[in-house]
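Here's the structure we're looking at; comments come further down.
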Amino acid sequence: MTRNVEALQLFDNFSQKIASLRHLNSPAATLSEAKQAHANSLKAGLSTQTHVAAKILSLYANHQCFAEADLLLYSLPQPDIFSFTTLINASSKYENFRHTLKLFVKMLAHRLFPDNRILPSVIKACAGLSALKLGRQLHGFGLTSGLALDSFVESSLVHMYIKCNALTYARKVFNKMAEPDVVCGSALASGYAKKGDVNSANMVFGEMEKLGIEPNLVSWNGMIAGFNQSGHFFKAVSVFRSMHSDGFRCDGVSVSSVLAAVGDLEDIIIGIQVHGYASKLGLRSDKCVVSSLVDMYGKCGCALETLRVFEEMDQKDVGTCNALIASLSRNGMVDDALKTFKKYRGQGMELNVVSWTSMIACCSQHGKDTEALELFREMQMVGVKPNSITIPCLLPACASIAALAHGKAAHCFSFKRGFADDVFVCSALIDMYSNCGRIQAAKQCFDRMPRRNLVCWNAMIGGYAMHGMVKEAINIFQLMQSSGQKPDFVSFTSLLSACSQRGLVEVGKSYFNSMSGDYKIEARMEHYACMVSLLGRAGKLQEAYSLVNEMPFEPDACVWGALLSSCRVQHNMELGEVAANRLFELEPKNPGNYVLLSNIYAARGKWTEVDKVRDMMKNAGLRKNPGYSWIEVKNKVHMLLAGDKSHPQMMQILEKLNKLSMEMKKAGYLPDTDFVLQDVEEQEKEHILCGHSEKLAVVFGILNTSPGTALTVMKNLRICGDCHTAIKFISSFEKREILVRDTNRFHHFKDGVCSCGELW
DNA sequence: CTAGGGTTAG
């Protein structure tokens with residue numbers, strides 16, 4: 001009797017234990033159920049039983065709880081291949097590639113050997129980490145270990161080799177396959193397409209047909225996506241067409257890829273057709289399709305259509321929002337982009353790196369520099385990690401307001417995150433450092449780059465050009481060619497502008513001629529503008545004017561502006577009038593043109609003409625320009641400097657200056673004429689008269705307190721390296737409590753000055 | 001249990 005009771009109790013206990021583990025067999029178990037099962041198995045003393053442990057591990061793996069899984073795995077006295085397989089496959093599936101490899105090494109340490117069921121995941125991890133060496137080792141192991149590699153392993157090998165840019169190896173794997181299948185063939189074909197090898201991609205597709213392998217939906221989609229990613233947009237569209245004519249019904253994947261290509265082709269007609277087709281197929285709720293539709297319309301300049309497509313979607317998704325922000329930004333609708341961003345942020349949408357990066361890019365591309373910096377700070381505060389794309393979006397904002405400290409911080413950040421060698425990051429860093437007056441730091445970035453593309457070389461040439469270091473610019477230009485990189489029109493623009501700054505007429509001319517002669521690069525507007533400036537500044541105004549007349553296309557405001565500036569330097573009234581009159585037609589609302597002409601008149605003592613220009617400005621509706629009154633001051637100051645101080649009109653001028661000063665005070669511009677005049681006298685007279693507009697700008701910048709002008713002045717100061725004036729400039733801000741309302745901006749100015757101070 | 005295809009930021 002007692003024995004029966006005992007037996008019953010034992011049985012009862014046992015069934016309870018089994019019952020407590022019931023979740024193990026339910027693949028849909030929640031995480032807490034999995035943990036419960038684990039706890040129960042520990043209590044029951046069953047946790048180290050191989051089959052129980054394997055079950056729990058698989059539950060953890062499905063919930064991506066790799067830390068918990070590891071603890072359990074390592075607690076097993078003798079983990080088996082199934083436990084490892086479960087975890088390795090799961091961690092690879094969820095792209096936890098480093099973890100995958102770690103587990104794999106652990107597995108080998110337990111003297112467990114990999115088989116066909118585990119190799120694909122490990123090889124996929126190699127692909128994800130671009131670990132070609134390890135991938136090849138695994139391939140070698142597979143071939144020598146006596147395993148008959150199956151098509152799963154082979155297709156993962158093809159994929160891995162393509163990811164690692166080893167296309168010949170990928171091809172070899174495919175060629176040696178006993179039974180080539182559709183998965184491997186498609187992987188290879190789309191790999192070639194992704195790398196831009198159109199012929200090989202088509203060839204593999206053809207071979208598949210010969211081998212009797214019917215391409216499926218994934219094969220077609222791989223081709224479309226591949227061609228889109230390698231920039232063969234037209235090819236992507238034509239594959240989409242042949243897919244259709246082959247009677248294949250496309251899906252959301254095909255449509256989103258082809259729409260991306262259509263957007264880059266800016267072919268709105270095809271775009272509308274695909275849009276209609278997608279609607280007919282009922283793909284309106286496919287997030288990627290809607291995103292690429294929004295993007296496509298944005299690239300085609302149809303901002304309204306973009307909004308319509310977006311609004312039609314019932315459930316807004318982050319990706320779609322991102323596409324909308326980019327689309328609005330592309331069409332110059334900065335405020336709407338910001339509004340969208342804020343709206344969905346306020347609604348609690350989980351914004352990701354792309355959202356933040358798009359918004360930062362939008363701000364820095366449209367002159368909202370401090371906003372870009374602020375967004376960068378905020379994104380980190382809310383825990384979104386910037387990536388290697390965020391940095392090059394942010395850096396132009398740092399460069400534009402000389403926020404060297406922020407730029408340096410972004411540089412350090414890139415180091416920490418391991419993308420300081422990225423070509424995009426480096427080019428932007430070179431640009432930022434050059435802009436902040438740190439040409440040496442720019443050069444250091446450039447020197448330590450492991451790989452360079454055209455943009456990097458151009459950034460460095462541009463940096464030297466900006467600093468007037470023509471010898472160095474030419475040196476880089478030559479290095480670039482000996483490294484096998486062909487220059488483009490941007491390289492020549494920088495070279496020509498450097499020559500123009502240094503007055504190297506002959507060198508500049510020879511580059512201009514060899515550009516079209518030797519390099520077969522057609523001269524663009526900016527090249528002509530540089531040449532006009534080069535000739536004009538050197539006093540060859542007639543030659544410059546002939547060049548303008550001989551241009552193969554209609555000169556734009558930049559070209560005429562270069563001529564007018566040269567005329568101002570040379571005090572050439574006649575040609576100056578010609579250029580100015582063209583400019584008044586082309587850009588009647590640009591006050592700079594009027595200022596330049598009146599400067600020429602002032603330097604020649606033609607005061608009636610100066611007044612006429614002033615009237616023209618009034619007629620052009622430029623009266624309300626905040627800097628307007630200062631033009632008067634500017635001209636008189638110029639006159640003071642140009643003429644001798646016993647000028648008969650001197651008393652009148654001073655009187656007028658004082659009167660203007662009063663007017664400005666009334667208007668709230670806080671001018672200080674005495675300060676200005678003193679400052680001007682301290683400057684080297686000939687520098688100002690020889691057209692060093694930068695220094696002049698400094699002086700006039702002190703007068704004009706509008707933030708816009710102040711920004712320009714700061715930029716010029718940095719480029720001149722005139723620390724002395726910079727500090728004076730900034731202290732005058734502080735002294736006169738200018739811009740105190742805009743404290744952010746103010747601090748960035750200070751930052752700019754610090755960078756000047758450190759350098760000079 | 002394991003392999004091939006998607007959009008949005010430079």
Side-chain angles (χ1 to χ4, degrees), chain A residues 54 58 61-62 81-82 84-90 92-93 114-124 127 149-160 162 173-174 181-191 193-194 215-226 228-229 250-261 263 283 286-296 298-299 317-327 329-330 352-362 364-365 386-396 422-425 427-428 455:
Chain A
S58 112
N62 281 328
I81 186 108
F82 297 107
F84 273 110
T85 307
T86 311
L87 279 185
I88 286 178
N89 288 343
S92 176
K93 179 177 158 193
D115 56 14
N116 277 346
R117 290 175 190 174
I118 208 165
L119 278 175
S121 300
V122 186
I123 294 168
K124 185 183 162 189
L149 297 185
D150 63 9
S151 71
F152 283 86
V153 179
E154 284 165 324
S155 59
S156 63
L157 280 169
V158 169
H159 183 233
M160 185 270 296
I162 286 165
V173 174
F174 182 72
D181 68 355
V182 64
V183 178
C184 265
S186 327
L188 188 62
S190 91
K194 231 176 246 178
N216 59 22
L217 187 60
V218 178
S219 324
W220 285 106
N221 287 349
M223 291 288 271
I224 300 171
N228 173 44
Q229 282 163 27
C250 69
D251 68 352
V253 179
S254 351
V255 172
S256 39
S257 290
V258 82
L259 277 172
L283 297 169
D286 186 312
K287 282 162 188 154
C288 283
V289 170
V290 179
S291 298
S292 43
L293 269 174
V294 166
D295 182 60
M296 182 274 293
K299 280 181 179 154
D317 147 68
V318 210
T320 328
C321 281
N322 296 345
L324 181 65
I325 290 169
S327 206
S329 167
R330 193 170 272 129
N352 58 21
V353 218
V354 182
S355 332
W356 286 93
T357 306
S358 313
M359 208 54 250
I360 291 173
C362 175
S364 70
Q365 281 162 13
N387 63 15
S388 66
I389 300 177
T390 318
I391 303 300
C393 292
L394 174 77
L395 284 173
D422 182 280
V423 277
F424 287 100
V425 172
S427 309
V455 181

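By convention in this document, chain letters (A, B, ...) are assigned in the order of the sequence lines, proteins followed by strands, and residues within each chain are numbered from 1.
Among the atoms of the strands shown, none is found under 4.0 Å from any heavy atom of L188(A). Nucleic acid contact class of N216(A) (heavy atoms, under 4.0 Å, all strands): base. Using a 4.0 Å heavy-atom cutoff across all strands shown, S388(A) reaches at least one base atom of the nucleic acid. Counting any heavy atom pair closer than 4.0 Å across all strands shown, S219(A) reaches a base atom. If you check every strand for non-hydrogen atoms under 4.0 Å, D422(A) touches a base. In this structure, V289(A) reaches the bases: a heavy-atom distance under 4.0 Å links it to at least one base atom across the strands shown. Nucleic acid contact class of S291(A) (heavy atoms, under 4.0 Å, all strands): base. Within 4.0 Å (heavy atoms only), T86(A) reaches no atom of the nucleic acid at all. Base contact: V182(A) has a heavy atom under 4.0 Å from a base atom.
With dG6(B), dG10(B), dG4(B) as the choices, the nucleotide that has an atom nearest any side-chain atom of Q365(A) turns out to be dG10(B). Listed nucleotides dG10(B), dA9(B), dG6(B) differ in distance to P392(A); the shortest reach to its side chain belongs to dG10(B). Side chain of A187(A), nearest nucleotide from dG10(B), dG4(B), dC1(B): dG4(B). Comparing dA3(B), dG6(B), dA9(B) against the side chain of A361(A) picks out dA9(B) as the nearest. Among dG4(B), dA9(B), dT7(B), the nucleotide with an atom closest to any side-chain atom of V218(A) is dG4(B).
Between the side chains of S358(A) and N322(A), no donor-acceptor pair of N or O atoms lies under 3.5 Å.
Distance, K194(A) NZ to dG6(B) C1': 10 Å, rounded to whole Å. Atom CD1 in I88(A) sits roughly 13 Å away from atom P in dA3(B) (whole-Å rounding). When rounded to the nearest whole Å, the span between NZ of K93(A) and P of dT2(B) equals 6 Å. Remark: C1' of dA3(B) and CG of D181(A) are 8 Å apart, rounded to the nearest angstrom. Regarding L157(A), its CG atom lies at a distance of 10 Å from the C1' atom of dA3(B), rounded to whole Å. Following rounding to the nearest Å, I389(A) (CD1) and dA9(B) (C1') show an atom-to-atom distance of 6 Å. For M160(A) and dA3(B), the CE to C1' distance is 13 Å, given to the nearest whole Å. Here the P atom of nucleotide dG10(B) and the NZ atom of K299(A) are 9 Å apart, to the nearest Å.
No donor-acceptor contact under 3.5 Å links the side chain of D150(A) to the base of dA3(B). S156(A) contributes no side-chain N or O that forms a donor-acceptor pair with the base of dA3(B) under 3.5 Å. With hydrogens and angles ignored, no donor-acceptor pair under 3.5 angstrom links the side chain of N228(A) to the base of dG6(B). On a pure distance criterion of 3.5 Å, a polar donor-acceptor pair joins the side chain of S256(A) and the base of dG6(B).
A distance of 5.5 Å separates CE in M296(A) from CG in L259(A), rounded to the nearest 0.5 Å. Of the inter-residue distances, the one linking I123(A) atom CD1 with S155(A) atom OG reads 9.0 Å to the nearest 0.5 angstrom.
In this structure, V153(A) and N116(A) approach most closely via the heavy-atom pair CG2-OD1, 3.5 Å. A pairwise comparison of heavy atoms in V258(A) and I224(A) identifies N-CG2, 3.9 Å as the closest pair.
Listed pair Q229(A) / dT7(B) meets the phosphate criterion, a side-chain N or O lying under 4.0 Å from OP1 or OP2. Phosphate proximity of dA3(B) to H159(A): absent, as no side-chain N or O sits under 4.0 Å from OP1 or OP2. Contact between the side-chain N/O atoms of R330(A) and the OP1/OP2 oxygens of dT8(B) is not found at any separation under 4.0 Å.
S92(A) contributes no side-chain N or O that, together with a main-chain N or O of I88(A), makes up a donor-acceptor pair within less than 3.5 Å.
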Problem set entry | Evaluation steps, side chain to side chain donor-acceptor pair (under 3.5 Å), between N387(A) and T390(A) | CA-CA 5 Å; N387(A) 63 15; T390(A) 318; 3.0 Å; yes

